[in-house]
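Take a look at the structure set out below.
Source: prediction; values computed, not measured. We number each residue from 1, following the sequence as shown.
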Amino acid sequence: QVQLVESGGGLVQAGGSLRLSCAASGQTFRLNIMGWFRQSPGKEREFVGANSRSTRSTYYADSVKGRFTISRDNAKNTLYLQMNSLKPDDTAVYYCAGGGRTWPSREKSDYDYWGQGTQVTVSS
């Protein structure tokens, strides 16, 4: 199986930056496509972006394009989400997902594995 553990969340002022990490362990060969999602209170979990290890491609939701960057360190089995120019609307619990089946895997149902989430709060 696969375990995903997110870290790096916290409180930041609007306009600031944070970098989230997602450390993977177990059968990491299953993690070609990985993604980030977020969920705010009362809202559905929404897609943030995805990364393909084999093609080195990334794909972003329009709401974060140009502000967020996904990267991956294959030697460390870690996925990152660099978040810049943060806005209060970015406040959410951020989840790492793995095992995406088809590119770009924008739906929750596309993924087999999930982390526990990390809280990001952006103050105005």
Side-chain angles (χ1 to χ4, degrees):
Q1 287 298 334
V2 171
Q3 294 78 43
L4 302 175
V5 179
E6 302 97 332
S7 61
L11 173 64
V12 64
Q13 288 189 329
S17 299
L18 277 177
R19 188 177 80 157
L20 306 184
S21 299
C22 173
S25 60
Q27 297 178 327
T28 57
F29 64 88
R30 299 179 183 274
L31 301 178
N32 178 38
I33 297 175
M34 296 187 71
W36 288 98
F37 286 73
R38 65 186 183 185
Q39 188 167 17
S40 305
K43 294 187 178 180
E44 292 289 323
R45 191 171 298 189
E46 67 171 350
F47 173 77
V48 173
N51 173 273
S52 168
R53 180 173 56 200
S54 60
T55 64
R56 300 183 183 179
S57 299
T58 53
Y59 184 91
Y60 300 96
D62 288 343
S63 58
V64 305
K65 199 174 297 182
R67 300 189 299 122
F68 291 10
T69 303
I70 295 174
S71 62
R72 186 191 296 224
D73 185 331
N74 293 321
K76 295 182 178 180
N77 290 316
T78 301
L79 184 75
Y80 301 99
L81 179 65
Q82 177 67 44
M83 304 185 293
N84 299 328
S85 302
L86 283 162
K87 307 174 182 179
D89 283 350
D90 295 319
T91 295
V93 177
Y94 283 71
Y95 296 90
C96 172
R101 300 182 190 88
T102 59
W103 184 252
S105 292
R106 292 173 291 184
E107 303 297 328
K108 300 186 298 292
S109 58
D110 290 332
Y111 293 88
D112 293 323
Y113 310 105
W114 292 86
Q116 82 288 351
T118 186
Q119 176 70 49
V120 171
T121 303
V122 184
S123 64
S124 57

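Heavy-atom minimum distance, L11 versus S123: CD1-CB, 4.3 Å. Across all their heavy atoms, Y111 and P104 have their closest contact at OH-O, 3.8 Å.
Here SG of C22 is found 5.5 Å from CD of E6. Values are rounded to the nearest 0.5 Å. In this structure, the separation between CZ on R72 and OG on S52 is 7.0 Å, given to the nearest 0.5 Å. Atoms CG and OH, on D73 and Y80 in that order, are 5.0 Å from each other to the nearest 0.5 Å. With rounding to the nearest 0.5 Å, the separation of SG in C96 from CD in Q116 is 9.0 Å. The CZ atom of R19 sits 7.0 Å away from the CD atom of Q82 when rounded to the nearest 0.5 Å. A distance of 9.5 Å separates OG in S124 from CD in Q13, rounded to the nearest 0.5 Å.
Enclosure of atom CD in E107 is not indicated, since only 12 or fewer non-hydrogen atoms of other residues, nucleotides or ligands lie within 6.0 angstrom. For CZ of R106, the number of neighbouring non-hydrogen atoms (other residues, nucleotides, ligands) closer than 6.0 Å is 12 at most.
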Between Q119 and T91, does the side-chain contact (heavy atoms from CB on, under 4.5 Å) criterion hold? Intermediate values first, please. CA-CA 8 Å; Q119 176 70 49; T91 295; 4.0 Å; yes

Working note: R45 + W114, criterion side-chain contact (heavy atoms from CB on, under 4.5 Å); need CA distance, chi angles, decisive distance, verdict. CA-CA 12 Å; R45 191 171 298 189; W114 292 86; 3.4 Å; yes

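N84 and S17 share a donor-acceptor pair across their side chains, judged by distance under 3.5 Å alone.
Side chain of Q27 to backbone of Q1: a donor-acceptor contact under 3.5 angstrom is found. With T58 contributing its side chain and S71 its backbone, the two residues share no donor-acceptor pair below 3.5 Å. Between the R101 side chain and the D112 main chain, no donor and acceptor come within less than 3.5 Å of each other. Checked by atom type and distance alone, the side chain of N32 pairs as donor or acceptor with a backbone atom of R53 at under 3.5 Å. Using a distance-only test at 3.5 Å, with no hydrogens or angles considered, a donor-acceptor pair links the side chain of S105 to the main chain of T102.
Side-chain contacts under 4.5 Å among hydrophobic residues (ILVMFWY), followed directly or transitively, place V122 together with V2, L4, V12, L18, L20, L31, M34, W36, V48, Y60, V64, F68, I70, L79, L81, M83, L86, Y94, Y113, V120.
The shortest side-chain heavy-atom distance between S63 and R38 falls under the 4.5 Å cut-off.
Here R67 pairs with D90 under the salt bridge (Lys or Arg N to Asp or Glu O under 4.0 Å) rule; sequence neighbours left out. Applying the salt bridge (Lys or Arg N to Asp or Glu O under 4.0 Å) rule to K43 yields no partners; only residues at least two apart in sequence or on another chain are considered.
Ring-plane geometry between F37 and F47 is classed as perpendicular, the angle between the planes exceeding 60 degrees on a 0 to 90 degree scale with a lower cut at 30.
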